[in-house]
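So the structure is just underneath, and the comments pick up after that.
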Number of protein chains: 2
Amino acid sequence: MPEPGSRSRSSSAAKPSAASPSNSIAVGAKIRHDIIKGVHPPGGKLREAALAKQYDVSRIPIREALRSLESEGLVESRPYSGSMVAPSPIEDAEDLFEIRIVLESATAKRAAKRAAQQSSGGVPDERWRMIRKEINEILAAGDIVIGEERYEDLAVLNMRFHFAIAELSGSLSFVSLLRQISGKIEWLYSLNVTRRGPQAWPEHRDIIAAIDAGQETKAAEVMGQHVRRSRDSYFAMMADRPA
Amino acid sequence: MPEPGSRSRSSSAAKPSAASPSNSIAVGAKIRHDIIKGVHPPGGKLREAALAKQYDVSRIPIREALRSLESEGLVESRPYSGSMVAPSPIEDAEDLFEIRIVLESATAKRAAKRAAQQSSGGVPDERWRMIRKEINEILAAGDIVIGEERYEDLAVLNMRFHFAIAELSGSLSFVSLLRQISGKIEWLYSLNVTRRGPQAWPEHRDIIAAIDAGQETKAAEVMGQHVRRSRDSYFAMMADRPA
DNA sequence: AACGATTAGATTGTATGCAAACAAGAGGGC
DNA sequence: GCCCTCTTGTTTGCATACAATCTAATCGTT
C-alpha cells in the first residue's frame, strides 16, 4: 500500500483561515510553515513519497506544492534529482533587505500617490477603502498579539501589513513580486521577531500616516528607514549570538 | 483515447539550446513562446486537455508548465476554474518599467562593486570570468542579429544580457526576482524591439564599461537611464500607433 | 416573462501504476 | 591496489483513471 488511497479528506483539516479550495494549496502552506519552523532543516532532502505519507495526500499535490515553494525560493529542485530545502535565508539576508528597501520604498511611494488622488479626485474607490480598513485591523491585532507575546503570529501580521501596503499601490506587479520573496522575508523575520517585533510595530503607523497624507517622498523615506532598521536589528542580533 | 498514450518523446524536439532534462520544462518554454507570439491571445482560456493534445503530452506536464508560467505572471489561474492567459502586459507597462529601474539599477551597482573587489582582491573567481565572457558573446551575437534584422532573436538576447548582469551581482535573489518578471518584460520588449532594439543595443556596452570600471554609482545611473529610455521609447511607440 | 433551483456536461484536482533517469555499490580488468 | 563497468535499488517524471467541483442550460415556480 504505497499511497494513502482512501478518501481521507478529513485528516487534520488545518487552517480554516484562508479558503482552502484545493488540497495542494493547503499542503503547500503546511510545508512552508514547517520549513520556517525548522521541521525540515535547510539543505535537507524533500522526498515526494515521504512527504506524501507525512501530509496524507498523494504525490501530485506534493509536487505542485514543491513547485510553488520553489518559485518562492524556499525549495530548490533539480530534474530527476529531487528537491531540498533552500539554504537558510541567513545566506542572502543582505540581498533580501536591499531588495526590500528599493521595492517597498516604491510601493509606499505609489500608495501615497494614490492616496493623494483619492482625496482630490473625489472618487471613493471601494477597494482602496477596504484595504485601508484592513490595515487598521492588522495594526490593532498586532497590538494585542504583542501584549500577549505571541510573536509567531506577529510575523504573519507583519507580512500581511507589508502586503497591504503593496496592494494600496494598486499595482499587481508589485504585489506579485513581493509575494515572490515573502517566504524568505517571513523566515528571516521570524528569527528576530522577539527582539525587533515590539520595536518595529509602531513604525508601521508612521508609514501609513505618510501615505494617508499623500506625501510620496516622505512615505518612501519612512518605509526605507523602517526596513533599514529591521536590517540593522537583524545583524545586531546575529552578532550578539554567533553561537 | 483521451490522452496521447504512446512513448512519443520525439515529436518535434524543439530547442537544443538549453538542456531539456524534462518534458515539462520544454513544454513550458513552448507555451511561453506561443503566448508572447500571440498564438494564445490575452484573456484566452487555456484548457489542459486541449493543450495536452496540442503539445502531445499528458495533462501533468501541462499543469506544471502552467504553474510555472503563473509564477511568471503570464498565466492566471483559479482553482477548479482553469487558467487563462494574463492580460497583455501593456496594462502594467508603467509598473514593470518602474520595477526594472529600481531592481536593475541595484543589480548593476552590485555588479560594479563585485568588479572592483575582483580587481583589488586579486581573486580571479572563475564563475565571474565565465559570465563576463558570456556577456561579450551576447553583445557580439546581438550585433550580428541586428545586421540581419532578426529582431525576434534580439529580444531573447536582450533578456539574456540583463540576466547576465544580474548574475554578475552575485546574488541569487536578484536573479530569481528578475526571472519572476522576465516573461512580461520580454513580452513587452518584443512589441517594440524593431524600433528600440538597434538603438538600445550599444547602450549595453556603456553599462558593462561602468561595471568593469567598478564605478558603482555610475553603473546604477547608466542602467537606470537605459531602462528609462526603453520606457520612453515604448510609450512613444504606443502613442504613434493607437490603432 | 423573469427569476431561482436543479441537473447534465465539461473541466479541474487527485490517486495510482509504470517507465526513465540518477546514484551507489559489487565485480572484474589493468 | 586502483579504476572502470555493470548492475541493482531508489527516486523522480509521466500517463491514465477516477472523483470533486464548477458552469450553464433546463425546468419549474412566482
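Numbers restart at 1 for each chain; the letters A, B, ... are given by sequence-line order, proteins then strands.
- In this structure, CD of A:Glu48 is placed 6 Å from P of D:dG13, rounded to the nearest angstrom.
- Interatomic distance, NZ of B:Lys45 versus OG of B:Ser83, reported as 8.0 Å (0.5 Å rounding).
- Rounded to whole Å, atom P of C:dC22 lies 13 Å from atom NZ of A:Lys45.
- You'll find that the side chain of B:Ser58 is closest to D:dA15, out of D:dA15, C:dT16, C:dT11.
- Put simply, CZ on A:Arg47 is 21 Å from P on C:dA21, counting in whole angstrom units.
- The phosphate of C:dG13 has OP1 or OP2 within less than 4.0 Å of a side-chain N or O from B:Arg67.
- In terms of position along DNA chain C, the nucleotide closest to B:Ser83 lies nearer the 5' end than the nucleotide closest to the other residue of the pair A:Ser81 and B:Ser83.
- Atom OH of B:Tyr80 is separated from atom P of C:dT12 by 12 Å (rounded to the nearest Å).
- Heavy-atom minimum distance, A:Gln180 versus A:Ser71: OE1-O, 2.7 Å.
- Going from atom CZ of A:Arg63 over to atom P of C:dT16 covers 16 Å, rounded to whole Å.
- Here C:dT14 presents its P atom at 16 Å from CG of A:Leu51, a figure rounded to the nearest Å.
- For D:dG13, neither phosphate oxygen OP1 nor OP2 lies less than 4.0 angstrom from any side-chain nitrogen or oxygen of B:Ser24.
- Residue B:Arg78 places at least one side-chain N or O closer than 4.0 Å to OP1 or OP2 of D:dT23.
- Residue B:Ile60 contributes atom CD1, which lies 14 Å from atom C1' of C:dC18 at whole-angstrom precision.
- Under 4.0 angstrom from either OP1 or OP2 of D:dA15 there lies no side-chain N or O belonging to B:Arg59.
- Nucleic acid contact class of B:Leu46 (heavy atoms, under 4.0 Å, all strands): sugar-phosphate only.
- In this structure, B:His204 and B:His162 have perpendicular ring planes: the angle between them is above 60°, well past the 30° mark.
- In terms of heavy-atom proximity, A:Ala106 sits nearest to B:Glu98 at CB-OE2, 4.1 Å.
- Between the P atom of C:dA19 and the CG atom of B:Asn23 lies a distance of 17 Å, rounded to the nearest Å.
- Counting non-hydrogen atoms under 4.0 angstrom, B:Ile62 reaches nothing in the nucleic acid.
- Remark: A:Ser24 OG to A:Arg67 CZ distance equals 12.0 Å, nearest 0.5 Å.
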